[in-house]
Amino acid sequence: MNPYEVAEAFHKLKSEGKVLHFGVSNFTPSQFELLNDHYPLVTNQVETSILQRSPFLDGTLDQCLRKGIRPMAWSPLGGGKVFDELTDETHRIRKLLQELTQKYEATQNQILIAWLLRHPSGIHPVLGTTRPERLQEAIKATSINISREDWFALLEAAEGEEVP
Ligand SMILES: NC(=O)c1ccc[n+]([C@@H]2O[C@H](COP(=O)([O-])OP(=O)(O)OC[C@H]3O[C@@H](n4cnc5c(N)ncnc54)[C@H](OP(=O)(O)O)[C@@H]3O)[C@@H](O)[C@H]2O)c1
């Protein structure tokens, strides 16, 4: 990527009224910085879920927080793998989810979305469901405030070890 060329193209598209805002996807923090230095970006859409936790640890979400940019999470439910894939990780997550669904009177989807929404960077989850009823169900996640302890309990369940 040549950031000068990309920024020039963005300026042209914006001035022609063809695009209002520009975001990027799957950018590392340094790639984001490189382009953002030449053109202000509004989001970085990255794979983020209980099964894909890299953005929490590799500086991606830290960067969004620092710049006041809201990230987008693609595959926020792990593409459904969290529900139907049988691994030690998904087993531990589902076991804890059973407790949390009772505690918060919510479905597993709602808890997992609320878990993303609780992050201070203001994650926008990009749901991939093809069912309108699941979208309706997801809306309730916006009113579930997962406690910090439960947030980290889910992280620990996914990691399979205590978080210091
Ligand atoms: N920027 C990128 O590089 C990139 C890459 C990939 C995807 N994306 C974007 O991200 C969007 C979402 O990705 P995604 O589809 O992986 O999102 P997702 O919301 O993590 O997964 C959706 C899948 O999970 C299933 N699911 C949801 N709740 C379930 C439940 N309770 N039990 C069993 N299965 C359940 C859905 O089935 P149902 O349809 O039956 O509900 C669907 O197959 C895509 O549409 C695309 O726009 C972006």
Side-chain angles (χ1 to χ4, degrees), residues 1 3 6-7 9-10 13 18-36 39-65 67 69-119 121-146 150-151 153-155 157-160:
M1 174 181 72
V6 178
F10 281 4
L13 290 166
K18 290 179 176 162
V19 182
L20 291 177
H21 302 288
F22 293 87
V24 291
S25 182
N26 302 325
F27 266 35
T28 64
S30 68
Q31 289 169 331
F32 189 96
E33 203 69 48
L34 184 63
L35 187 52
N36 193 59
Y39 197 96
L41 301 169
V42 294
T43 193
N44 188 6
Q45 184 181 122
V46 285
E47 183 179 8
T48 315
S49 72
I50 193 70
L51 294 180
Q52 179 46 271
R53 301 175 297 280
S54 308
F56 293 100
L57 305 169
D58 67 9
T60 301
L61 297 185
D62 297 344
Q63 180 180 53
C64 289
L65 260 170
K67 294 186 175 301
I69 287 163
R70 295 184 68 177
M72 295 170 77
W74 63 264
S75 280
L77 299 171
K81 286 198 290 278
V82 67
F83 307 109
D84 53 30
E85 200 174 73
L86 272 178
T87 64
D88 289 346
E89 185 186 22
T90 56
H91 177 74
R92 288 191 304 269
I93 294 168
R94 283 203 289 267
K95 198 166 160 227
L96 179 56
L97 275 177
Q98 275 175 7
E99 280 175 39
L100 297 179
T101 50
Q102 287 177 18
K103 178 172 174 183
Y104 290 93
E105 297 180 341
T107 65
Q108 298 193 358
N109 286 27
Q110 288 163 345
I111 297 288
L112 290 175
I113 297 164
W115 187 78
L116 290 175
L117 297 179
R118 184 72 162 83
H119 191 270
S121 60
I123 296 171
H124 284 298
V126 185
L127 297 172
T129 184
T130 50
R131 303 190 198 189
E133 64 272 19
R134 280 219 225 275
L135 284 178
Q136 281 297 330
E137 176 195 335
I139 292 168
K140 194 193 156 196
T142 58
S143 55
I144 299 171
N145 195 11
I146 294 200
D150 290 335
W151 197 93
L154 261 170
L155 181 65
E159 296 277 336

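As the structure lists them, so they are numbered: ligands from 1, and atoms in each ligand from 1. Note that the structure is a prediction, hence the values are computed from the model and not measured. The figures here come from the full heavy-atom set of this structure, side chains too, leaving out hydrogens, waters and symmetry mates.
Heavy-atom minimum distance, I123 versus L61: CD1-CD1, 4.1 Å. Scanning both residues, A141 and Q110, for their nearest heavy atoms gives CB-O, 3.5 Å.
For atom 25 (C) of ligand 1, the nearest non-hydrogen atom of the protein is G80 CA, 3.9 Å. At the shortest separation from atom 46 (C) of ligand 1 among protein heavy atoms lies V126 CG1, 4.9 Å. Among all protein heavy atoms, the one lying closest to atom 14 (P) of ligand 1 is S75 OG, 3.5 Å. Residue, atom and distance of the protein heavy atom nearest to atom 37 (O) of ligand 1 are R134 NH2, 4.0 Å. Annotation: atom 40 (O) of ligand 1 to nearest protein heavy atom, R131 NE, 2.9 Å. Nearest to atom 1 (N) of ligand 1 among the protein's heavy atoms is S25 OG, 2.8 Å. For atom 7 (C) of ligand 1, the nearest non-hydrogen atom of the protein is W74 CE3, 3.5 Å. Taking atom 30 (C) of ligand 1 as the reference point, the nearest protein heavy-atom neighbour is F83 CD1, 3.3 Å.
Compare G79, P76, S49 by their heavy atoms: the one nearest to atom 23 (C) of ligand 1 is in G79. Relative to atom 36 (C) of ligand 1, the option among N26, N109, T129 with the closest non-hydrogen atom is T129. Of the candidates T130, T48, V24, the one placing a heavy atom closest to atom 39 (O) of ligand 1 is T130. The option from A138, P132, G128 that lies nearest to atom 19 (O) of ligand 1, judged by heavy atoms, is G128.
Checked for salt-bridge contact, E33 and K67 meet the test: a charged N lies under 4.0 Å from a carboxylate O.
Put simply, part of Q45 is less than 4.0 Å from ligand 1, judged by heavy atoms.
With a 4.5 Å cut-off on side-chain heavy atoms, F22 and L13 count as touching. Side-chain contact between I93 and L51: present, with at least one pair of heavy atoms (C-beta onward) separated by less than 4.5 Å.
Under 4.0 angstrom from ligand 1, there are no non-hydrogen atoms of D84.
Annotation for ligand 1: atoms under 4.0 Å from non-hydrogen atoms of G78 are 20 (O).
Protein non-hydrogen atoms do reach within 4.0 Å of atom 48 (C) of ligand 1.
For Y104 and W115, the gap between ring centers reaches or exceeds 6.0 Å.
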